[in-house]
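Structure first, commentary second.
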Amino acid sequence: MTGRVVGIDLGTTNSLVAYMQGDAPVVIPGVDGSNLVPSVVALDAPPADGGRPTVTVGNTARKALIETPERVIYSVKRLMGRGLEEIHNELKLFPFRLADDVEAGEVPRIQLGELKFTPPEISAYILRQLKRNAERFFGAPVTQAVITVPAYFNDAQRQATKDAGRMAGLEVLRLVNEPTAAALAYGLDRAKEGTIAVYDFGGGTFDISILKLRDGIFEVQSTNGDTHLGGDDIDNLLLAIALDEIHAEHGVNLRSHPSAVQAVRKAAIEAKIKLSTEMVAHFDIELPNGDRYQREISRAGFELLIEPVLERTAGPCKQALADAGITAEQVDEVVLVGGSTRIPAVRQLVDELFRLKARGKKPHTELNPDEVVALGAAVQADILAGASKSTEELLLLDVTPLSLGIEALGGTVARIIQRNSTIPASATEHFTTGVEGQTNVAIHVVQGERELAADCRSLARFDLKGIPPMSAGLPRIEVKFLIDADGILKVTAREQRSGQAAKIEVKPTYGLTDEQVESMILDSFDHAEEDFAARLLIEARNEAETILSLVDSAPQKPAWQHLTGEEHAAIAAARDRLAAVKVGSDSAAIREATLALDHATRRYAELMMDAAVSTAMRGKTMDAAGEELGEAINAPHPMAAAEFK
Amino acid sequence: MLKVIDSAVPIACWSCSIGHNDSTLFCPHCSKIQPPPGGDFFQVFGLARGFQIDLGALETEFHRLSRKVHPDRFARAGENEREWSLADTALLNDAYRTLKEPLNRTEYLLKLEGAEIGEEHSGKDRTDPSRVPADLLEEVFDLNMQLEEMRMAHKMGEEDPDLQASLTAAKDKFNGLLEAVDKDLHGEWQVWDAGDSAARQAAQKTMVALLDRRRYLSNLVRDVTETLGA
């Protein structure tokens, strides 16, 4: 039997893994019970024996941000598939350092502590964590996945994501565009017909897609966006204000103190999240010199500040509508995706762009905007696995977001595949030689909408070699360009007069070679059966330890006294059984016993939770408390959790 | 762009070895996916060559074929079948994209029938007097003067309501001419679809000229719209 295919949302801020449980997609939680794995990767302290330091991912890594910011990286998605000169601006706003020995034309490497990593390697660590979470959940290896990418990702960014999957030991069956995935998640339970717009404003990227639904076919009409526009930009605006004011009022320039900047960033993110539900938020930050920086931010002031950022989403929306050949009024439904769509000003803008209120409509927000992309990825994974009744009628027809062109004489672009063409899409072009006996022809392929090649994004240079020497203009080389279902370009060439398949040498402008990817595969033993079993056992024992120590300390808690004698006895029995099984080497039995103990202690856990909630929410109405809890649970950011002291 | 293969020659199915006509995505005997067929875009949809198409039926057929041939249906198939599914779907998508859009379809079929069609002209060709349709020579000359004036006015930050009105009127006029061209094209479609080979030859010639005129007009309208909107 072939294994399960999981769906992965590899996000700028958070990542998730989901799968199809029967006919509904569900998110797979991590060991800590949380659905969201923060897209944060940290390097532990170097071991005393001089070995390689351990890499941690997610909540554990997030905790290291304040203490050892030079050993932590987040928002790495912004760096995927980008060249050195492109990421310089990006790096000004983040506390990461490029490795000193990076040369132009290379994939940039980030210095993390004493080690260096390319962005795909960092992403691979996040993917491996998700893979492990899924394997722990299923108790079986997971080797195939669908991974989502922003619809507006270009070829290099897509390839970098696929490379990351391979490094993590995952066969990436498909890259799915995030807004399209969201549409799948929404469209699953209703046989809808009509036109929907997906407005996806996440941590680091913005996408808009217009889709037509008919008989289970999700046909994307157009897509547009900005791969460097998201909640991060809003955080950076708040951060810049705070840093400038601290400098002006307290004479402290924090910009040279990475950990202090992280503390201010954390405060900025908390303020941003608070302003989605409250009319006012406060900065209160202790400075290294003992001063306090205190400031009030009103929602009105915040909205004025972020208006230019939000306004940047309007242009892509209008262009997408124009490309789909429809007006805003012809959009039947609008779906909101991504954490940044919680901001009331964003909802206001969407309402205006698509004239929703005027038409008596509301945007769809029923599914958690942080989870909906992963849920859609799980649906697509199920479609690809081809084994389920619930998805056999569904089919996604996506498009390429950017036009593909060839640099022509004089540096202009000859477009060969237009943007918003349904993929897979292909084009055939013919080339010849300009000089007597010429045996090479170079082709420069670019992506973008501008007239000049220099203004588009260089994708690759193809060198057609081994053309039989002939008079100038006589060879006829047929080059076939094919954009596959992942949105990635493939090229083949043939010299037609001689019938020879021309040899193509591809030099990607940005990206790793096959050999480089191969050398970066994380612990290549990772998917070997025996190692897998050993790892499952270790993880099962760790979980058993955790719950046993919790149960052992329970009798001292007031909540324990509320349990009945029967319940006490049931817990004791389950506890003893787990303690006995734990020393064995049957990971399945350990997990089973752990679940049994977890089940026996459920009411105790509920009592503990009630006690915690009533302490935290004292003096507030239950509604307000519920809302606050809801937001806090749904919207963690690397820096936003309350775990920091 | 496309090679036209004599579809009377049968090709053996890779899976069941029974010969079939080379214009099908699937073997009629064992239903297995086949390498991309060599026919034209019309054959992909089982249509005879023609300028008039039932778009609703085309979409339905596109969806039906997509369901069967799309790489999503072959994610776990063998390497050959995956490869063919990709190539077949690219062909299906290219065919649908070309046929559903009237101008693309017209250009495609004209080329298929051996007509020489002018390539997309860059903006500056417009000033080349030999490319201007004879009946528009005077108007285009005036329009270019006005466009230049308008651009100057924009540069100086001035507004010229008279010029604005005159350009808007010109835009409306050229849009009207565009509509007339489209109507003429429709007429020629009917002639071609119903006609014998002599009638087709004449219609083709007219359509090539109409397409040229259309391209010219729509570039003009685009320029005026851009200048007005600036």
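Here is the naming used below: chain letters follow the sequence lines, and residue numbers restart at 1 for every chain. Just so we're clear, the structure is a prediction, and the values are computed from it rather than from any experiment.
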Distance-only side-chain donor-acceptor flag, Q144(A) / R76(B), under 3.5 Å: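 Checked: Q144(A)/R76(B) side chains pair up, N/O donor to acceptor below 3.5 Å.
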Contact origin within E451(A) toward chain B - heavy atom pairs under 4.5 Å: neither
Nearest atoms (heavy-atom pairs only) where L482(A) meets A90(B): CD1-CB, 4.3 Å
Exercise: identify the closest heavy-atom pair between I423(A) and H70(B):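 Result for this residue pair: O-NE2, 4.3 Å.
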Selection from D215(A), L396(A), T422(A) maximising heavy-atom pairs under 4.5 Å formed with chain B: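 Most pairs with chain B among the choices: T422(A).
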Between [atom1] of [X] and [atom2] of [Y], what distance do you get to the nearest 0.5 Å?
| X | Y | atom1 | atom2 | result |
| --- | --- | --- | --- | --- |
| D484(A) | R82(B) | CG | CZ | 11.5 Å |
| D72(B) | L384(A) | CG | CG | 5.0 Å |
| S66(B) | L397(A) | OG | CG | 5.0 Å |
| T60(B) | R214(A) | OG1 | CZ | 4.0 Å |

Interchain contact, F74(B) with chain A, by part (heavy-atom threshold 4.5 Å): neither
Flag if over 12 foreign heavy atoms under 6.0 Å of CD, E61(B): yes
K100(B) atom NZ, over 12 foreign heavy atoms within 6.0 Å: yes
Side-chain donor/acceptor of N93(B) to backbone N/O of P424(A), under 3.5 Å: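 Yes, because the side chain of N93(B) sits within donor-acceptor range (under 3.5 Å) of the backbone of P424(A).
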Among K68(B), R73(B), H63(B), side-chain contact (heavy atoms from CB on, under 4.5 Å) partner for L395(A): R73(B)
Salt bridge present between E392(A) and R67(B) (N-O < 4.0 angstrom): no
Non-neighbouring partners of R476(A) that pass salt bridge (Lys or Arg N to Asp or Glu O under 4.0 Å), sequence neighbours left out: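 Scan of R476(A) (salt bridge (Lys or Arg N to Asp or Glu O under 4.0 Å), adjacent residues dropped) gives none.
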Salt bridge (Lys or Arg N to Asp or Glu O under 4.0 Å) against E148(B), all qualifying residues, sequence neighbours excluded: R151(B)
